[in-house]
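Chain identifiers are assigned alphabetically (A, B, ...) following the order of the sequence lines, protein sequences preceding nucleic acid strands; residue numbering begins at 1 within each chain.
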Amino acid sequence: MQSRDKFKIISEMARRRGFFWQSYEIYGGVSGFITLGPLGSTLKRKIEDKLRDFFIRKLGLFEIETSVIMPGKVLEASGHVKAFQEPMVECNKCTRKFRADHLLLEFAGMNETDTEKLSLQNLMGEINKRGIHCPECGGNFGEPKRFLTMFETTIGPYSEAVGYGRPEAAQGIFVEYKRIYECARKKLPLGVAIIGHALRNEISPRQGPIRLREFTIMDLEFFFDPEKPQCTMLKEVENETLRLLHGKMVLKGVEEPIEVTVKEALSKRLIATEWQAFFMVLSKRFLTELGVPENKQRFIEKQDWERAHYSVQGYDQQVYLDRWGWVEVSGHNYRTDYDLKCHMESSGVDMTAFKEHEQPIEKEEVTVKPITSKIGPAFKDDTSKVVKLLSTLDPRELEVSFKKQGFHIVESFKILPQHVKIVHKKVKEKGKRFIPHVVEPSFGLDRLFYVTLEYAYKTKEGRTLLSLPRDLAPVEIGVFPLMSKDGLPEKARQVYQLLINSGFKVEYDESGAIGRRYARADEVGTPLGVTVDYKTLEDDTVTIRDRNTWRQVRNKVHNLPELFHAYFSYKKEFKELK
RNA sequence: GCGGCCGUCGUCUAGUUUGGUUAGGACAUCAGCCUGCCACGCUGACGACCCGGGUUCGAAUCCCGGCGGCCGCACCA
């Protein structure tokens, strides 16, 4: 490990210039929490807005906002309460900790379905029974304990009602699905996103913005009809390539991803659903726009045992980082109908969708109607029981029995044809109900934020330069008087005000020499510098300086607002500003 | 959470071995001078021993605890 890698250099710069730092520093700091400074909060917000634009606005999807605290029920239903706690045992001799269930898997040849069913006490019992000792030192284990990695609280001060900090935003969408579906006028496919904080009480978060206990994510749940899984926008992406490491490659230890078109990936079933492939392409494009070259990105498939409890196929989008190598920035999971089904079962609320058949299907419906005036006298006290039994019978079976033997026996009762009326009715089935399936792209905003900084970090002639994409730069324009005398500062302040009034984020700086001010601006990634010099006083022109190339062009002050708007929306390049 | 190493101005660091002046430097920041386009120069200012306890006449330095960092183990759904 190098002593001064990019993470360290960027962290130092970030602290100094106000991008991010560890929270609660005055109390010694708490790991797993960071504070975004003045520049950082703006940069992150801009990344967030770009994500919004890319995945929500342009696709016509919905965004909602839900609370961070969730009642226990929700996360019990979703399976998180179970999945987010691990049974641990500690070796009495060497104090090393192990997953109790993993020990049984590894040393006792049990399988996962067996270990999942075991309570803490049973786990202990199994470990003792099978004579498992500490694999490191051979010592005995103490009592197993549960480690819950969700933040737990009670809702209401005197209440017993357990609540958890949400470990993902997604559940907010599933629990509100019914109403959103109505807002969408019951149309599928339907995409819903949440951008917000999530909490995970990580055992040992150590990597700055890469692993936090409180972090920002975007969960996008895309609901579709599993019988109509075709992506309506596939044409737009099908010839684009993805760098994939699919499951079999990973198992073989292959490091170099294959490059396949979306079309191929789908036809070879490397990606399970079209929509998932579509979102993967979008994610690749998005990271490219944040400044990460394609060869520093890849998608790696998760193995069965690595996937979250709700996922049947998952790819992680990874970006190569200087310090940690490949790091996940987004996850793409096929959650099927898992979540809606869980919440339907647990809440009892129907969240199925209805779809019409293209042609109504004609069906003959057979029902049994008990004739109580006949059943009553025949069965006396058992009448109500018989009526009940009749309602559970298959009418067709009853009919066959009558035809064959003239009666039907249920339990000990002999039903005769005169006891019931069998009605045949032709009904048109107009459609059917189903639970939508879900593909989910999920982004870690804090990681995107760090990745953007790391890929923007450059040095030029021994100076630091953040080549942030211009639409993400927290400060857009620096305004400088060449000298802080001779009326130049006054004129520069007028230019500053003009640009501020035109809606730009501008910084005025007259401290130190001009070169130093350029250097300061470069270090925080300010794309453009406007310098007021002696010529400005004569003809009202200023120089405009490009952060990346340090080139300059000249233009009239009154042209600046329009030119800059065009520049920041990528309609003009720097050269065209003259 | 465990083990090893570590924690000094905003940043990077000297000093800790062997307790003893006003804790030194560089960069950055601010003020002034200088300066006609890329961290110029000069003068000055501001600014630190992670927190708590202990040992001692005296602790940045030694001891204990806490917090935090790095590396390894485990965890990362």
Q | Between A:T216 and A:K44: side-chain donor-acceptor atoms closer than 3.5 Å | A | yes

Q.
Near RNA chain B, counting only heavy atoms under 4.0 Å, which residues of residues 527-536 of chain A show up?
A. A:T531, A:D533, A:Y534

Q: Check A:R307, A:H246, A:K248, A:Q313 against A:E301 for a side-chain hydrogen bond (donor to acceptor under 3.5 Å, both in side chains) and give me the one that passes.
A: A:Q313

Q.
Base, sugar-phosphate or nothing for A:A83? Non-hydrogen atoms, less than 4.0 Å.
A. base

Q: List for me each residue that meets ring-ring contact (aromatic ring centres under 6.0 Å, His included) alongside A:Y315, sequence neighbours excluded, and say none if there are none.
A: none

Q) Ignoring hydrogens and angles, does a donor from either the side chain of A:T149 or the base of B:A77 sit under 3.5 Å from an acceptor on the other? A) yes

(Q) Roughly how many Å apart are B:G66 and B:C76, using the P atom of each and rounding to a whole number? (A) 26 Å

Q) Can you name the side chain to side chain donor-acceptor pair (under 3.5 Å) partners of A:H437, sequence neighbours left out? A) A:Y334

Q. Listed by chain and number, what are the side chain to side chain donor-acceptor pair (under 3.5 Å) partners of A:D522, not counting sequence neighbours?
A. A:R463, A:R545, A:W550

Q.
Looking at A:R470 and A:Y567, would you say the former's side chain and the latter's main chain have a donor-acceptor pair under 3.5 Å?
A. yes

**Q.** Interatomic distance at C1', B:C5 relative to B:G44, whole Å
**A.** 41 Å

Q) Is there a donor N/O on one and an acceptor N/O on the other, under 3.5 Å, for the side chain of A:R200 and the base of B:C76? A) no

Polar atom pairs (N or O), protein with nucleotides 50-52 of chain B, under 3.5 Å:
none

Q.
Going by the rule side chain to side chain donor-acceptor pair (under 3.5 Å), which residues pair with A:T536 if we only count those two or more places apart in sequence or in a different chain?
A. A:D533

Q) Any sub-3.5 Å donor-acceptor pair from A:Q297's side-chain atoms to A:V292's backbone N or O? A) yes

**Q.** RNA chain B: 5'-proximal contact among A:S511 and A:Y518 (nearest heavy atom)
**A.** A:S511

